[in-house]
Protein chains: 2
Amino acid sequence: MIQSVDRAMRVLAVLRGRRMSLGEMAGRLDLAPSTVHGIVRTLVDHGMVVQEPDSGHYRLGPATLQLGNVYLDTLELRARVAGWAPELARRTGCAVRAAVPLLLADRQEVVVVAHEPRPDGTRQMPEVGIVIPAHACALGKALLAFGPDPSGTLPSMTADTITDPAALAADLARVRATGIAAEAEEAVLGECGLAAPLADATGLAGAIGLVTPVSGWPLPASAVDALRDTARAVSRELGGAAWPPAEARSA
Amino acid sequence: MIQSVDRAMRVLAVLRGRRMSLGEMAGRLDLAPSTVHGIVRTLVDHGMVVQEPDSGHYRLGPATLQLGNVYLDTLELRARVAGWAPELARRTGCAVRAAVPLLLADRQEVVVVAHEPRPDGTRQMPEVGIVIPAHACALGKALLAFGPDPSGTLPSMTADTITDPAALAADLARVRATGIAAEAEEAVLGECGLAAPLADATGLAGAIGLVTPVSGWPLPASAVDALRDTARAVSRELGGAAWPPAEARSA
DNA sequence: GCAGATCATTCGACATCATCGAAGATTGTT
DNA sequence: AACAATCTTCGATGATGTCGAATGATCTGC
């Protein structure tokens, strides 16, 4: 691992939180201000960071947006999901989301890569790009059940977030048994959902899920069937050999 | 400028094009494969790059999407535009876009940060995150007219793209005189548009524009008025002192 | 089924290059 | 007007990234 590159990524990570002064970044990263300055200067040259002209503070730059957009455009999982999501949304009346795992050193999260709005014509915020702790949402639990073991802390998002490792393990066992993960107001108040894993040729590729307001919860069995059918269809298109995918339970 | 961080950014830039093998990246960057390996390994650890399990090739990773999303969420220009875009789209019947400049060493481009679909109910691809050469689109010309002088080459996108620096300079003079930039099939076949600069407290902040199929071109004078009014309103909300913004014609 | 090629990865020595602390410049504040 | 808090620059030090060659794995073609 190259030290300066690692530090540059840490700089971007802290800037994910909020705009910051150079000194604050240096303190947070426990580095000399001049060291951080050299790094951010390089990032500024590439558009990854911008410096506000008035305050001198730094924030993320437009080049990050371009990178994220390229990632989305080249993601086969997203393209395959896009072909099936409208019908799934129509059949279930729910919004449809797809996500891929974002496994970092100490954090297990999911990032939403596709979003089909609820088919009721209301105006909904596109949620592509948002990141959710894996243990707190159906998409994440579908990934954890068939992916690596949960590790790290389980931060609480709402009153119903599962924060006990044993309770989470029990929940994941249910997911493995049925192929379907559920979540009720564990990440966002008023939001519930189901999710199923997606397989590709190499194993676990992501997850697809339904999201509904708590008023529509629990979802009818027909929605579960539609979700499972769609997950199986998308997985086949992705080259997945089996569904649910084989459990790759290794660190 | 820190060498290894600069190289890491170049790696990401190369991966913007397409997935690649390690050797191909090394050749393109004129570096030793082992050097690139150390860099990409570090980027992989942070989720900025992923390695395809089967082929060993590298592609951009999900962390790029998160960064881009955070950038969007914290962009005040986007939030202000979002407040005015629906009405502008309704009044003009056009799709509305907003963009910010992406000024790198040798490339002058714009990146779209907001997109309000054409209000005809058709299904349209959200174009947030796409990057367009500044000289080839109305948004870019609105930025170039009130920003730094054009530099670098003028790549051709369509048969009507302005590739002659003198012709571009003449066009930009017209933009400065009227505050409105126009473009007809210069970036994408069948797409035309208008754009106006957006000012904030520090000067030029971005641009807002209308996009219409060529069948709706030219747009009526009422659309020009609506666009100018909106640009002025957004600029005032952003703290802009004057509209159009003062011309900061310095490299 | 074997040989060759191609690729990612590891390793170690060298010298470059990033790091750090202090000083300078600029701005906003009391 | 003096102070405080910024960002920024600079130069010496040695830690660290770079490179080339060797290794191992994978795939291709015969």
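Worth saying up front: this structure is predicted, and the values here are computed from it rather than measured. Chain letters run A, B, ... following the sequence lines, proteins first, then strands; residues in each count from 1.
Counting heavy-atom neighbours within 6.0 Å of B:Arg41 CZ, excluding the residue itself, gives a total of 12 or less. With a 6.0 Å radius and a threshold of 12 heavy atoms from other residues, nucleotides or ligands, A:Arg10 has its CZ atom at or below the threshold.
Side-chain atoms of B:His135 and B:Asp171 include no donor-acceptor pair closer than 3.5 Å.
In terms of phosphate contacts, B:Arg7 brings no side-chain nitrogen or oxygen within less than 4.0 Å of OP1 or OP2 of D:dG17.
Heavy-atom distances under 4.0 Å link DNA chain C to A:Ala32, A:Ser34, A:Thr35 of residues 32-58 of chain A, given in residue order. For the contact set between residues 8-23 of chain A and DNA chain D, defined by any heavy atom under 4.0 Å, the members are A:Ser21, A:Leu22, A:Gly23.
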Could you give me the CA-CA distance, side-chain angles and deciding distance for B:Arg97 and B:Glu127, then say whether salt bridge (charged side-chain N to carboxylate O under 4.0 Å, His left out) is met?
CA-CA 8 Å; B:Arg97 282 188 195 161; B:Glu127 286 171 322; 2.6 Å; yes
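If you measure from atom CG of B:Leu31 to atom P of C:dT9, you get 16 Å, rounded to the nearest angstrom. The distance between atom CD of B:Glu24 and atom C1' of C:dA8, rounded to the nearest whole Å, is 14 Å. The distance from atom CE of B:Met25 to atom P of C:dT9 is 11 Å, rounded to the nearest whole Å.
Between A:Tyr58 and A:Val44, the closest side-chain pair of non-hydrogen atoms falls below 4.5 Å. Side-chain contact check for B:Arg18 versus B:Glu24: some heavy-atom pair is nearer than 4.5 Å.
When distances run from any side-chain atom of A:Gln3 to the nucleotides D:dG17, D:dC19, C:dA18, the shortest one goes to D:dG17.
With sequence neighbours excluded, no residue satisfies salt bridge (Lys or Arg N to Asp or Glu O under 4.0 Å) with A:Arg236.
Checked by atom type and distance alone, the side chain of B:Arg78 pairs as donor or acceptor with a backbone atom of B:Val113 at under 3.5 Å.
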